[in-house]
Amino acid sequence: MEKLLYLQEIAYHIRRDIIEMLAEAGSGHLGGSLGLVDVFTSLYFSEMKHDAQNPMWEERDRLILSIGHVAPVLYATLARAGYFDVNELKTLRKLNSRLQGHPGKDKGLPGIEISSGSLGQGLSISAGIAMGLKINKSSSRVFCICGDGELQEGSIWEAAMAAGHYHLDNLICIVDRNGLQIDGKTSDVMEIEPLSLKWDSFGWHVTVINGNDINQILHTFTKINSVLLKPKVIIAQTSMGKGVPSIENDYRWHGKAPSKTEAEQFLKELEHGYFHY
Amino acid sequence: MATFTIKQNIPTRTGFSKGLKQVAQHYPQVVGIGSDITHSVGMDAIAHYFPERFISLGIAEQNAITFAAGLSLTGKIPFVASYATFIVMRALDQLRVSVCYNNLPVKIGGAHAGISVGPDGATHQALEDIAALRALPNITILSPADATQTVKAVWAAVEQTSGPVYIRYGREAMPDFTDENAEFIIGKSQIITEGNHCVIYATGHLVWEAIEAYQILKKEQIYCTVVNIYSIKPIDINTIIQTATTCGCAVTAEEHQIMGGMGSAVLEVLATHKPIPVEMVGMNNCFGESGAPRELMHKYKMDRNAIVEAVKKVLKRK
């Protein structure tokens, strides 16, 4: 219980950071970033093996952000985990910043494994890393964050097929299943269901969870660690814009940043939700 | 004047295979990615001799390129080979973002390059790959002239750069003529013949055709410098300026579209450093068709005759 409260507090701060940094930047993807905070908090503050003081530590677990557009949640989490100063978050999307609109490895921000942002590529990269780690007899794992709309990219399924074929059980794909993409509902834009059946038929171990419930997320990680010979997918049902009720599940906030006034209101909503939990 | 001996007629893909076997033997971190056409593109060198380092990924070029990017992040030096047109064009965004933007040591073999693939026809004749890749930052583009140079290109891809490399090679048996002991350095070129009437910048299979053109023209007292542009990106700016200055006119020759290919790269150098009249030999903005390799090279004007014609034409503009 104490741990849960601790993680919830961190998640609260990461959400604050995201709203503030996007308002400062004037552009960026708010909805998806907020929706993934609980997953990122669970990963970086509990599940993943990593060291902020030694970002390239050979034995670290890797996180590949296939949906590069939710970079704000990664940046805010890394800052809160001690990879760099929280103040640097204010430079998001600005000239000469290490915090590119989509992660850019060439800018040297600690904790960034690879540049990403063109959809459909992260799972292939993750599968390649997972295979390389196996060849190297490493016990590190690879966590790949995909979007649900992103699953419309054909290359995702090339990667899924390869990971299943090679039994890459050190690969965990987390699908941010918020049901929304830029044009609207995924079910309207291009249906991706039955999702569990699809992954299962490609040889993956599938778990569907509430991706905004830290307890459930942590429990799932523990459970799937003992699953061998299969790559694992966690279909994390999240709410786009989670934590700010007035924008929750509104697809129009997929790729938008709040104005300074909106940000103030969103922060109030966030505080209200957190302190009246 | 130098002499040119054909040691034998073999495909450049045999050189790729031979080089791959050598580097795999020498570097345990070299791994091979299979795209179903393993034997046909020379990847059998790893599949057969180092099966534990061969990863078959099926007919899925996009995954092959990005999977290789992932492997390289764990210290591997992955070689991915497939038909040039598919591995470059199908996976171009993967090459751009995952490989080039991240500047990863993924080595790409582009097999069946050029019209000389022959009977398979237009879909399988890679004539746009150089143009597509040239615009990408960080990548090295090598286009060896024969099998001997292709072996060296594979070594260079591993030893001379820690970034991505594209090696372009063909399927048809072609003269193997370059000196085993000649240097092969990324960013350099090779002067094969010297003459001060015209310089011919050639790459890949057309280097031998340029030498044949040189022999034909010599009989008419026209003396050409033939430069083998085996490194298209980076390109040998100094040698290009120097030979252009000596000769005062030039011909470029490649088994690729004229637009955006090696010739265009040479023109970029000449336009900014030493503007001279140039004629270009290459595919002229159209698709190929089925036919025997030599018939196609003749019909689409990418052979010795086309080069001779181009030299005579450019001499009049000098």
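Every chain is numbered from 1, with letters handed out A, B, ... down the list of sequences. Computed from a predicted model, the values in this text were never measured in an experiment.
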How about T66(B) and Q121(A): does a side-chain donor come under 3.5 Å of a side-chain acceptor? no
Do [X] and [Y] touch side chain to side chain, with heavy atoms closer than 4.5 Å?
X: F67(B); Y: L123(A); value: no
X: Q94(B); Y: S155(A); value: yes
X: I125(A); Y: L73(B); value: yes

Evaluate side chain to side chain contact (heavy atoms under 4.5 Å, CB included) for T74(B) paired with M131(A), printing each intermediate quantity in order. CA-CA 9 Å; T74(B) 64; M131(A) 177 72 105; over 6 Å; no
Which portion of [X] sits near chain A, non-hydrogen atoms under 4.5 angstrom:
X: S56(B); value: both
X: E61(B); value: backbone
X: I65(B); value: neither

Minimum heavy-atom separation for K105(A) and N102(B), please, with both atom names. CB-OD1, 3.6 Å
Choice from [options] maximising heavy atom contacts with chain B below 4.5 Å:
options: A159(A), A162(A), S124(A); value: S124(A)
options: V142(A), I156(A), I135(A); value: I135(A)
options: S140(A), G128(A), G132(A); value: G128(A)

Could you check which of D93(B), V97(B), I59(B), V31(B) has the highest count of heavy-atom pairs closer than 4.5 Å to chain A? D93(B)
[X] atom [atom1]: more than 12 heavy-atom contacts under 6.0 Å:
X: K256(A); atom1: NZ; answer: yes
X: R177(A); atom1: CZ; answer: yes
X: Y27(B); atom1: OH; answer: yes
X: R53(B); atom1: CZ; answer: yes

Under a 4.5 Å heavy-atom cut-off, does chain B meet the side chain of E58(A), its backbone, both or neither? neither
When you measure from the side chain of E158(A) to the backbone N and O of N63(B), does any donor-acceptor pair fall under 3.5 Å? yes
Here the gap from S115(A) atom OG to Y101(B) atom OH, rounded to the nearest 0.5 Å, amounts to 4.5 Å
